[in-house]
There are 2 protein chains.
Amino acid sequence: MNWKEQFPQFEPGLIELIEKEAVQRSFNAGDIIMRTGQYIKSTVLVLEGRIKIYRENQDGGEFLMYYLQPGQACAVSMICAIQSGTSEIMAMAEDDSEVLMIPVHLMDDMMNQYKSWYQFVIQTYRGRFDELLSVVDNIAFRNMDERLEFYIKRYVEKAGKKNLEISHQQIADDLNSSREVISRLLKKMEQRGLVKLHRNMIELISS
Amino acid sequence: MNWKEQFPQFEPGLIELIEKEAVQRSFNAGDIIMRTGQYIKSTVLVLEGRIKIYRENQDGGEFLMYYLQPGQACAVSMICAIQSGTSEIMAMAEDDSEVLMIPVHLMDDMMNQYKSWYQFVIQTYRGRFDELLSVVDNIAFRNMDERLEFYIKRYVEKAGKKNLEISHQQIADDLNSSREVISRLLKKMEQRGLVKLHRNMIELISS
DNA sequence: TTCGTCCGGTGATTTGGGTCACAGCCCAGG
DNA sequence: CCTGGGCTGTGACCCAAATCACCGGACGAA
């Protein structure tokens, strides 16, 4: 695929450089792209699909932070890249995905030479930071029912489909909750006429 | 005070520029430095004191994210500054504090011209991002007792004193909990010999 | 077709923590 | 010296959510 469509704002010189130096990789849905503690060697740009960025703790709990979509980049990989550090998060392909991996050592030069890259990096930081803020808001101030609604809203936004093809268990994992709780809350939402429940699928009622 | 001591890594040219263009301001403990929704006109560097960065929600709840200390900068103000956006957080002086405010319009040039500034900004992003990550970890995975211990640990680290001069109510506010809960958990910690409780003061037992 | 496994539904019970009520305290200001 | 307001301690109660137990239904592999 032609990756340039996803990044129309990049300058010709920058595009050339990326074309020459970056590596394109494919991942299948469910593949782990980056794991906690792993050393970062590249900055990741998303071309296609959907990447889930989440945290994992020692006793198996996990917690979804946000999704990355085509045209976006992983802020963590940028930060770590520039400082040659290790990642503190997990990244997993939620759908089959294509990404562009730009070697760490190019970052400094790109920042200096290409205004459009600099802007892109700043914008990425801001975007992810804001998303983290709303994550904090949610867990700090909201109850599970509101968090679930937020989750569903975000899911349809990001996946671009009207239905969630996902099991209750997976939602529970993403919210670091348990299946029974999610099932019961979904049932209540169904009673309120917000969704219709099927096996492995939640249909959103547009109203 | 001589602010340059806090930022020994800055280049001479950068120091000169800041000296010429930045404004130094004092705040008393309790003063609000920045509030949610406010338009950002300057990047904030901390010279002295301690700044508390927290989130506030509509129904009066608040939630401490992290502290800024001398030598650190507010990542939010940088991000917003570069993009001329509004702040999504609150900043309050926890102690009497001195800060340096660098006008937004200088940011781009400083990033391009001064390597040390560029490094500083990157480092700031990384630091705050990491802190936000550990905040998320705490509320997502930990119970109140562990969160309280983390709070105390961080407090003594940041304040540089062995004792917390703070009421239970203030702790409860910072953790978005309630006084009774904090009092009870502190009492348990006292029984475990971790702290000694006084009025408006918690003494840490070093062991 | 049948069996095993994943999925969802539902009740019972437990628990962490928020809320209410109230009492005793220390301390500052009159 | 007294008094009123902020701080802390504690019991009673409640609620959201986690956990446990169990069921039946759907679906895929043999």
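Below, chain A is the first sequence line, B the second, and so on; all start at residue 1. Keep in mind the model is a prediction, meaning the values are calculated, not measured.
- Side-chain contact check for A:Gln170 and A:Asp174: no donor-acceptor pair (N or O, by modelled atom type) lies under 3.5 Å.
- Look at CD on A:Glu165: it is 16 Å from C1' on C:dC7, rounded to the nearest Å.
- Nearest-nucleotide positions on DNA chain D for B:Glu180 and B:Gln170 put B:Gln170 closer to the 5' end.
- Under the 3.5 Å distance criterion, with hydrogens and angles disregarded, no donor-acceptor pair is assigned to the side chains of B:Glu48 and B:Ser97.
- Contact annotation: side chain of B:Arg199 to base of C:dC27, donor-acceptor pair absent below 3.5 Å.
- Every stem involving DNA chain C, taken as at least 3 paired positions in a row under the Watson-Crick or G-U wobble test at 3.5 Å, is listed here: C:1-30 with D:1-30.
- If you take CG of B:Asn143 and P of D:dA16, they are 18 Å apart, rounded to a whole angstrom.
- In this structure, B:Ile171 atom CD1 and D:dT8 atom P are separated by 8 Å, rounded to whole Å.
- Two residues are said to be in side-chain contact when any heavy atoms from C-beta on lie closer than 4.5 Å; A:Ile152 and A:Met189 meet this criterion.
- Aromatic ring pairs are classed by plane angle as parallel below 30°, tilted from 30° to 60° and perpendicular above 60°; the pair B:Phe7 and B:Phe120 is perpendicular.
- Less than 4.0 Å separates DNA chain C from at least one heavy atom of each of the following residues of residues 181-189 of chain B: B:Val181, B:Arg184.
- Rounded to an integer number of Å, the gap from CD1 of B:Ile166 to P of D:dG6 is 18 Å.
- B:Asn138 and B:Tyr151 share no side-chain donor-acceptor pair at under 3.5 Å.
- Per the geometry, CG belonging to B:Asn200 stands 12 Å off C1' belonging to C:dC25, to the nearest Å.
- As rounded to whole Å, 15 Å separates atom P of C:dC7 from atom CG of A:Leu197.
- Under a cutoff of 6.0 Å and an axis angle of 45°, A:Arg154 and A:Tyr66 do not form a cation-pi pair.
- Regarding contacts with the backbone of D:dT8, a side-chain N or O of B:His168 is found under 4.0 angstrom from either OP1 or OP2.
- Nucleotides of DNA chain C nearest to B:Ser178 and A:Arg179 differ in position, and the one nearer the 5' end is that of A:Arg179.
- The interatomic distance linking A:Leu175 (CG) with D:dA16 (C1') rounds to 15 Å, in whole Å.
- Salt-bridge annotation for A:Arg35 and A:Glu56: absent, with no side-chain N of the basic residue lying under 4.0 Å from a carboxylate O of the acidic one.
- The line from CG of B:Leu148 to CG of B:Asn143 is 12.0 Å long, rounded to the nearest 0.5 Å.
- Among the candidates A:Met110, A:Met107, A:Met78, the single residue satisfying the side chain to side chain contact (heavy atoms under 4.5 Å, CB included) test with A:Ile102 is A:Met110.
- In this entry the distance linking CG of B:Asp173 with P of D:dT8 reads 12 Å, nearest Å.
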